[in-house]
There are 2 protein chains.
Amino acid sequence: MIERDGVEGLSMRKVSAEVGLAPTAVYWHLGGRDELLNAVLDEVLGELPPIRATGRTSRARIGSIVRSARRDFLEGMPVLLLANEVGRGDELSYRTQLALAEELGRAGLDGHEAADVLRALLFVVGGFVMIEEQYRTGEADDFATAGRWADGAAAEVPPALRAAMARPPDADALFAFTLDRLLDAVLPPD
Amino acid sequence: MIERDGVEGLSMRKVSAEVGLAPTAVYWHLGGRDELLNAVLDEVLGELPPIRATGRTSRARIGSIVRSARRDFLEGMPVLLLANEVGRGDELSYRTQLALAEELGRAGLDGHEAADVLRALLFVVGGFVMIEEQYRTGEADDFATAGRWADGAAAEVPPALRAAMARPPDADALFAFTLDRLLDAVLPPD
DNA sequence: ACCTGAACACCGTTCAAGT
DNA sequence: ACCTGAACACCGTTCAAGT
């Protein structure tokens, strides 16, 4: 039901109808909507497959973890939104945190700095995914600022940049670009 | 009302009561909830002050724009959530886009690559802000994975990193770290 | 132990009717 | 042109009552 209509599309009354009970029966079993959502999330979290890095260099392996985290989040958006709604978003990323920590250790990073790198990567993934979801959810005219860039405004801006901003962003390419540059700046050389 | 209770705390019936009319009167004037929200957003967008960069080097100026964008978003979270709800999140960042474009041009970037850099910075800011909001909204036990890091699990991970991950993240420091590294990798030298 | 029905306090929205 | 009242189809939740 959450997969189909999102978290906000799940109602106690619909759930109980699907199960063939009165709405109030669910309250006896679980307590309320919040408890139901948490119970669903518990179930989902228990079934997540382990994360495996691919690649030879540790940079490649770290990149593969981050990329697959993004893919997993994008494919399981309803679950991510559910986790965020009940305030347990970080639990969903725990497996990724572990895999990254292991690989960052192998890359020679440790302590405070390694934690910063790990979290920077995680925040960037999470941020991209949530913004991409905003774009996906919106209508066709969602990319409203494109028109303004195409118009003659912004005289101080170089025209080639203006033209590039008038085209909608390619989220995949933008993510690859950002991740690449960030890894450049954040991993030890070699 | 949105400032106080968030977008989801605004209801047609409360609004109309505040104004001293029947709920249905609002429908005659505006059309519905969606139109009301868009009208509010229009008003807010019209009153935004211009963005001014500070600093001598173009790197400093770009950094200042990005930092003040984050500050503005964090201070005006209800407005950001409103803009996202009605699918106009990018309009809220248009002033920042303009300021960045101008400054990136001055830094010698143009065209496709400049657009990538601009959007990478924007996505990172937006992503951080939205994730920080998730943390702010949650309960005290929200940082649930801290406990797991403190526990003995994750044997493959260096202990100093494990200890660092057991402490909750400092969003300000993490953002400064991420922005600094990203600017290193993304701006032309000098 | 498990379930129901009635009830309360909410929603967004439509529409015929009033002035 | 502007507003109201009644109504419809929803919510989450509580609680006394049933078996």
Side-chain angles (χ1 to χ4, degrees), chain A residues 1-45 77-89 91-92 133-134 136-142 144, chain B residues 1-45 77-89 91-92 133-134 136-142 144:
Chain A
M1 194 154 168
I2 293 174
E3 296 279 2
R4 190 162 34 89
D5 305 318
V7 201
E8 76 285 349
L10 175 146
S11 81
M12 298 288 110
R13 297 174 121 104
K14 285 192 215 153
V15 165
S16 58
E18 195 117 340
V19 162
L21 293 176
T24 50
V26 184
Y27 284 82
W28 190 90
H29 283 282
L30 290 170
R33 195 180 125 95
D34 206 52
E35 284 84 353
L36 171 60
L37 293 182
N38 274 283
V40 171
L41 184 59
D42 286 338
E43 201 120 318
V44 174
L45 288 177
M77 272 312 300
V79 175
L80 176 57
L81 296 176
L82 163 63
N84 281 341
E85 171 127 336
V86 299
R88 294 171 61 190
E91 278 181 68
L92 199 58
E133 167 68 8
Q134 298 290 353
R136 217 190 46 72
T137 302
E139 335 289 292
D141 66 328
D142 193 22
Chain B
M1 194 154 168
I2 292 174
E3 296 279 2
R4 190 163 33 90
D5 306 317
V7 202
E8 76 286 346
L10 175 146
S11 81
M12 297 287 110
R13 297 173 121 103
K14 286 192 215 152
V15 166
S16 59
E18 195 118 339
V19 162
L21 293 176
T24 50
V26 184
Y27 285 81
W28 190 89
H29 281 283
L30 290 169
R33 196 181 125 97
D34 207 53
E35 285 83 355
L36 171 60
L37 294 181
N38 274 284
V40 171
L41 184 59
D42 286 337
E43 202 121 315
V44 173
L45 288 176
M77 272 312 299
V79 175
L80 176 57
L81 296 175
L82 164 62
N84 282 341
E85 171 127 337
V86 299
R88 293 171 61 188
E91 277 181 68
L92 199 58
E133 167 68 9
Q134 299 289 354
R136 216 189 47 71
T137 303
E139 335 289 293
D141 67 326
D142 192 23

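Residue numbering restarts at 1 for every chain, and letters A, B, ... go by the order of the sequence lines.
Nearest heavy-atom pair across B:L30 and B:A39 is CD2-CB, 4.5 Å.
With values rounded to the nearest 0.5 angstrom, A:R88 atom CZ is found 4.5 Å from A:L41 atom CG. Atom CG in A:L82 sits 11.0 Å away from atom CE in A:M77 (nearest 0.5 Å). In this structure, CZ on A:R33 lies 11.0 Å from CG on A:N38, to the nearest 0.5 angstrom. Atom CE of A:M1 and atom NZ of A:K14 lie 5.0 Å apart (nearest 0.5 Å).
Of all the residues in residues 25-42 of chain B, B:Y27, B:G32, B:R33 reach under 4.0 Å from DNA chain C with at least one non-hydrogen atom. Near DNA chain D, meaning a heavy atom under 4.0 Å away, the residues from residues 5-20 of chain B are B:R13.
Remark: DNA chain C forms stems of 3 or more consecutive Watson-Crick or G-U wobble pairs, all pair distances under 3.5 Å, at C:4-8 with D:12-16, C:12-16 with D:4-8.
Side-chain contact between B:L37 and B:I2 is present, with heavy atoms from C-beta onward closer than 4.5 Å. Between B:L10 and B:L36, the closest side-chain pair of non-hydrogen atoms falls below 4.5 Å. Counting heavy atoms from C-beta on, the side chains of A:L80 and A:E133 never come closer than 4.5 Å. Taking the side chain as every heavy atom from C-beta outward, B:E3 and B:V79 approach each other to under 4.5 Å.
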Step-by-step side chain to side chain contact (heavy atoms under 4.5 Å, CB included) determination, A:V86 to A:D34: CA-CA 7 Å; A:V86 299; A:D34 206 52; 4.2 Å; yes
